Amino acid sequence: MTTVYINKQPVEVKEGSTILEAAAKAGIKIPTLCHVENQIPKGACRVCMVDVEGAKSMVASCTTPCSEGMKITTNSRNVREARKFVVELLISEHCGECKTCVRNEDCELQTLARELGVFDIDYEGETLVSYIDDSTPALVRDSGKCIKCRRCMTVCNEIQGVGSLFAQGRGFESRIGPAFDQELEGVTCVQCGQCAAVCPVGAITEKEHIDYVWEAIEDPSKFVVVQTAPAIRAALGECFGYEPGTLVTGKMVSALRLLGFDRVFDTNFTADLTIMEEGTELLVRLKEALVDKKQVALPQFTSCSPGWIKYAEYFYPEFLDNISTCKSPQQMFGAVAKTFYAKKAGVDPKDIVVVSVMPCTAKKFEAQRPEMNDSGYQDVDFVLTTRELGRMIKQSGIDFKTLKDDVMDSPMGSGSGAADIFANTGGVMEAAVRTAYEIVTGNELPLENLHVQPVIGLEGVKKASLKIEGCKPEWSFLEGVELKVGVAHGLGNARKIIEAMRGGEEFHFIEIMTCPGGCIGGGGQPRFTTDEVRMKRIEAIYREDEGKQLRKSHENPEVKQIYEEFLEKPISHLSHKLLHTSYIERNQN
Amino acid sequence: MTEPKTKSVSCSCDQVHEDELYERLKIIVQSQRTVPGALIPVLQTAQNLFGYLPEKALRIVSKELKLPYSEVAGVVGFYSYFSTTPKGKHTIRVCMGTACYVRGGQDVLKALMKELEIGVGGTTDDRKFSLEVGRCFGACGLAPVVMVDDETFQRVKPSKVSEILNQFE
């Protein structure tokens, strides 16, 4: 342990801790515009400057390690003036109108300027050139607003291992982006939006679908249905000042009705459907491998996370056969809304507009994949992020906090607890195991509270094995088999688990989620998502799960209904047509 | 674009030679894979092989060193030493040292840029000339100085630059 003195107050920290970490421990706020939690500090923004006694000049607290007895001042005139100066310089070249910026009142640069008392910029000079890259379906970049903090670069390279964004050029000419000023569409971007989630300013944002959704709602000839992903209910409240981890499911339903959607449904319904299809698919693969001795692609990977799908299409095309052919819950919903539900409700599917609310930006990309039109129409028309839904609710003047709880519509509004936990890392795996175990043995999963504990939590790569015992006769080939499962979240961790697999480690089933923490940490969630926030949202999701009577996908009565009335059985001819898909190899260039 | 008159590594008649160079580059990069901080030396080697850094070479570097292409491009763009455009037959260097600068080196440079329709670091479409700046050639008494390849031109006036250029085939 090392003792340092911050503003004369002694603070004991672990050896190697930075001044920034020591200050955080002591409850002293040092501003930073570039630091990303748990990552190697970059020292790019220079607003975390502090005075250290005996040092030649002020130091950046994010990159300076504590040494024994170090005397640090975080609040002197010197320090305040230096920080103010840095922010003034950043603003002097910033090209963007605060008043009309999508990040107005949510911008870290603006907030910091206000906190530091920057009310006037004396530096007249060149400003950045605003070049807008809106080439992708999900993200918009504006070079004029970029402050070159490099947070996006850190998440893209170090957390996600995608490598689409890097600092290009030098000095005033420098910009953060793909190689040789290409647009995002031309490079290996998976549209996960983690860059947009960490951007302190308005330089990277989601491509808004709000206007399209308003237009559809206001068109009397359209029947507009909305689905909300499991992760929304644990995060939407943050847009209205609730603490992270506050469940707002009921209020969210009320708000969606007030916005004018004709039906409010739940992606949880198709999350349960996914488990039926994906769980069955896994059992079929295992049977083919163990009984028929066929060459089958195992382990099976989950397919709910569109960023991961695109990542595999770029970087691991040799494993595309391992990815479950199941569409994601969002896309299954679109496909059955415009077939099963259209028929049931007596609405022409061409008049149905499917809107999803997702914690994700990659879902905007996924909805526009050309193969996602098995209903005969584009299955999902528009995708709103959690942040966009928050903005729509504010635009319509709804007082969210005073709303009463409401419930989703039937027959696609019911979801089990197993569907809720799709929202976080380990959840799809646990949901699948709850159902698959019971199909095979006829008994409930013999784990406390139905939780597969080793796959819960924020560790990057998690593993568990489960001995299958007491199989029904038709599944006797699985008797005594150790089912080995793996879970990774964050694409850098996906790479780790795949490399482990290549190195000979055996798995039967691997869950991969693109974003750290899973969907609750998605690129479209309210800012700012730290590990603490992730944990609070995850806890809320498990509370939602545990608070339900219905906790297993195969017990969802609406899922039973859709099989009885429409799909027949998992992996039937019709479910194959509507609920399953295929993948393509993408060129890394 | 007019065909380059000179033999250049990117010219089709040298296709075999070029493929060989890429093969050689691949082997060099592979041997550096485990060396920390290999990127810059590898880029230097590549530039020495080709005279500049063609996209194909950068793709090889990225793939073989397992570094994102954006990072390779970022490093290439940061150091003025690296060039992604092929060099012309003749390299013009305008001195921007103190003496040349105060005696109008900047105006000479501007005149050259206008005449050649390229910027500093650029190469003309016909690959005849590349334009660079230097920091003192040690000929301050002759300021402002321009060098074309090994030949030095002294007390250059902006109005005389086309005359100089015309001397080169």
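None of the values given here were measured: they were computed from a predicted structure. Chain identifiers are assigned alphabetically (A, B, ...) following the order of the sequence lines, protein sequences preceding nucleic acid strands; residue numbering begins at 1 within each chain.
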Is the number of heavy atoms from other residues, nucleotides or ligands under 6.0 Å of Glu499(A) CD greater than 12? yes

Inter- and intrachain pairs under salt bridge (Lys or Arg N to Asp or Glu O under 4.0 Å), touching residues 176-188 of chain A, at least two apart: Arg175(A)-Asp181(A)

Please round to the nearest 0.5 Å and tell me the distance separating atom CE of Met153(A) and atom CD of Glu71(B). 7.0 Å

Of all of Pro178(A), Ser164(A), Gly161(A), which one pairs up most often with chain B through heavy atoms under 4.5 Å apart? Ser164(A)

More than 12 heavy atoms from other groups under 6.0 Å of OH on Tyr131(A): yes

Under a 4.5 Å cut-off applied to non-hydrogen side-chain atoms, are Ser70(B) and Val187(A) in contact? no

Within a strict 4.5 Å, meaning less than it, do heavy atoms of the Phe180(A) and Tyr69(B) side chains meet? yes

Glu117(B) atom CD: more than 12 heavy-atom contacts under 6.0 Å: no

Under 6.0 Å from the CD1 atom of Ile40(A), do we count more than 12 heavy atoms belonging to anything else shown? no

Side chain, backbone, both or neither: which part of Ile176(A) has an atom under 4.5 Å from a heavy atom of chain B? neither

Give, as side chain, backbone, both or neither, the part of Thr84(B) having an atom under 4.5 angstrom from any heavy atom of chain A. side chain

Taking side chain as everything from C-beta outward and backbone as N, CA, C, O, which of these in Leu67(B) sits under 4.5 Å from a heavy atom of chain A? Side chain, backbone, both or neither. neither

When rounded to the nearest 0.5 Å, the distance separating OH of Tyr79(B) from CZ of Arg170(A) is 8.5 Å

